[in-house]
Amino acid sequence: MDIEVKLSKTGIEKKEVLKYKEEVEKIHKNLLSRANDENDFVGWMHLPTNYDKKEFKRIEAAAKRINKDSDILLVIGIGGSYLGARAVIEALSSSFYTMQTLKQRKHTLVLFAGNNLSPNYINDLIDVIGDKDFSINVISKSGTTTEPAIAFRIFREILENKYGIDEARSRIYVTTDKSRGALKQLSKEEGYETFVIPDNIGGRFSVLTAVGLLPIATAGIDIEKLMKGAKIAEDAYNDSNLKYNECYQYAVMRNILYKQGKTTEVFANYEPKMHYMTEWLKQLYGESEGKDKKGIFPAGIDLTTDLHSMGQYMQDGLRNLFETIVYTCESKSKIKINSDDDNLDGLNYLAGKDLDYINKKAMEGTIEAHVSGGVPNIIIKMEKLDEENIGGLIYFFELSCAMSGSLLKVNPFNQPGVEEYKKNMFTLLEKPGYTK
């Protein structure tokens, strides 16, 4: 695992960052003291070291069973029960893995439901499953969250009609609370295999628990290497000294820029495989920091694609932006541009050059343009796109988010605002106990 943070394109000197040294040390010690508290939400901090090894083996065994008997694993969940797993799977699979045959893919196809209330999406998913063999992994702490609960009711019925009650039970894997909740109760009654959402880890920080690991392992990704990368990151960033901790330097830099009026952070990538990693980052930071009428608004763009749609705004729009670029130094694939005798497209000046080289030069040119246009850039370099580096990147962002939210003087681990829409929706749907 090799992650490097470059702050040189922000216009802020290191000495300004180091002014936060004492405050960072205080927050770091506070996080460490809370990490082993079962009643707090900082359990992710030592997760790469302290994860349940027995459950980990059960996850690997379940993934093997699903690969043996199912063409599709349908993961039912929303928010942190969905985005983290999808981010890792898409980052480490073929860009077109959903279109590959099983022979090409070599592993069960992982699809997602319960992340919206669209009947079009659900019906399209039912059509895709068709007569294929499938299993379900339903993920919910309570079992009553509206979107996944509805999807589970629909697809559980399809599964039971297809296989009968007994075989359907063996094809349903439940990730939920260890001892309470509607889904835990149902699992006991029906005999579903269950995995645990730890009490002291919130949804958006849960990708390295069973919440993310079962779908990720089913997709053929080496979860041992994923956890190894996270462990390397845990060891590397478990340092209260801001001078040497790039993870905390990034957190401080975000807060300095925020105080300068840079209220929107645009996460950018130059690799389509990283699209859902950006979506996960939007949830991680948005849900953690957007409180008390404060917080950096997280946005995302895919480059160079969005330079032809959002590029104008990034260059000349409202100057409340800063940009955080996550890119991989080493590309797994190589494509060389050949010379053409006619050269009608005018591209012979690129002959002999590798496409990854061209992509990186486009990145460098874009960074210079945006910086000169008043958009500070933070650059996070990852050695290559593999399990260890992705595991390390996940831990890096989780820890930096905890530090950044604490510097902002909000609680990074709650989400009181998300309950408001639910109250209104339940009232409009005339749910018992909700009235106008």
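- Here the CD atom belonging to E246 is positioned 6.0 Å from the OH atom belonging to Y237, to the nearest 0.5 angstrom.
- With a 4.5 Å cut-off on side-chain heavy atoms, V110 and V75 count as touching.
- Residues L303 and E323 come closest through the heavy atom pair CD1-OE2, 3.9 Å.
- Other residues, nucleotides and ligands contribute over 12 non-hydrogen atoms within 6.0 Å of the OH atom of Y421.
- Here K178 does not pair with E55 in a salt bridge; the nearest charged N to carboxylate O distance is not below 4.0 Å.
- Interatomic distance, CD of Q249 versus NZ of K6, reported as 14.0 Å (0.5 Å rounding).
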When you look at F205 and F41, which way does the ring-ring contact (aromatic ring centres under 6.0 Å, His included) test go after all the steps?
-> CA-CA 9 Å; F205 290 86; F41 288 95; 9.4 Å; no
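- No more than 12 heavy atoms of other residues, nucleotides or ligands shown are found within 6.0 angstrom of NZ on K243.
- Between the side chain of N348 and the main chain of N343, no donor-acceptor pair closer than 3.5 Å is present.
- Residue K26 places its NZ atom among 12 or fewer non-hydrogen atoms of other residues, nucleotides or ligands, all under 6.0 Å distant.
- Using a 4.5 Å cut-off on side-chain heavy atoms (C-beta onward), M425 and T146 make contact.
- In this structure, Y244 places its OH atom where only 12 or fewer heavy-atom neighbours from other residues, nucleotides or ligands lie under 6.0 Å away.
- Checking side-chain atoms of S372 against main-chain N and O of A369 turns up a donor-acceptor pair under 3.5 Å.
- Contact check on R58 versus E193 returns a salt bridge, with a Lys/Arg side-chain nitrogen under 4.0 Å from an Asp/Glu carboxylate oxygen.
- Not a single donor-acceptor pair under 3.5 Å links the side chain of K282 to the backbone N or O of G300.
- Checked by atom type and distance alone, the side chain of D71 never pairs as donor or acceptor with a backbone atom of F134 at under 3.5 Å.
- The neighbour count for Q104 CD, taken as heavy atoms of other residues, nucleotides or ligands under 6.0 Å away, is above 12.
- For N39 and D199, the side-chain atoms include no donor-acceptor pair closer than 3.5 Å.
- At least one donor-acceptor pair under 3.5 Å links the side chain of S288 to the backbone N or O of L284.
- A 6.0 Å sphere centred on NZ of K334 holds more than 12 heavy atoms belonging to other residues, nucleotides or ligands.
- Summarising the geometry, atom OH belonging to Y327 is positioned 11.0 Å from atom CE belonging to M382; distances are rounded to the nearest 0.5 Å.
- Taking the side chain as every heavy atom from C-beta outward, V375 and R319 approach each other to under 4.5 Å.
- A donor-acceptor contact closer than 3.5 angstrom links the side chains of Q312 and D316.
- Annotation for E22: atom CD does not count as buried by contact number, only 12 or fewer foreign heavy atoms lying within 6.0 Å.
- Looking only at distances, no side-chain donor or acceptor of Y276 sits under 3.5 Å from a matching main-chain atom of L83.
- Not one N or O on the side chain of E387 forms a donor-acceptor pair closer than 3.5 Å with the backbone of I223.
- Under the 6.0 Å distance and 45° angle rule, K53 counts as a cation-pi partner of Y51.
- A donor-acceptor pair under 3.5 Å links the side-chain atoms of D177 to the main chain of R180, judged by distance alone.
- Although no hydrogens or angles enter the test, the distance criterion places a donor-acceptor pair under 3.5 Å between the side chain of T176 and the main chain of K141.
- Using a 4.0 Å cut-off between charged side-chain N and carboxylate O, K21 and E25 make a salt bridge.
- Considering only heavy atoms from C-beta on, L347 stays 4.5 Å or farther from D340 through its side chain.
- R204 places none of its side-chain heavy atoms less than 4.5 Å from the side chain of L281.
- For the side chain to side chain donor-acceptor pair (under 3.5 Å) test, no residue two or more places apart in sequence or in another chain qualifies with N359.
- The two residues I78 and G114 come nearest to each other via the heavy atoms CB-O, 3.4 Å.
- The existence of a salt bridge linking K409 and E23 is confirmed by a sub-4.0 Å separation between a basic side-chain nitrogen and an acidic carboxylate oxygen.
- Side-chain atoms of N245 do not come within 3.5 Å of backbone N or O of N241 as any donor-acceptor pair.
- Sparse packing is recorded around NZ of K225, with 12 or fewer heavy atoms of other residues, nucleotides or ligands lying under 6.0 Å away.
- Partners of E271 under the side-chain contact (heavy atoms from CB on, under 4.5 Å) rule, at least two apart in sequence or in another chain, are K273, M274, L385.
- Annotation: side-chain contact (heavy atoms from CB on, under 4.5 Å) contacts of A402 (sequence neighbours excluded): L31, W44, F413.
- Under the 4.5 Å side-chain criterion, counting only non-hydrogen atoms from C-beta, I296 is not in contact with Y285.
- The shortest side-chain heavy-atom distance between K9 and H370 does not fall under the 4.5 Å cut-off.
- Residue L321 holds its CG atom at 11.0 Å from CG of L257, rounded to the nearest 0.5 Å.
- Counting heavy atoms from C-beta outward, F297 and T263 have side chains that stay 4.5 Å or more apart.
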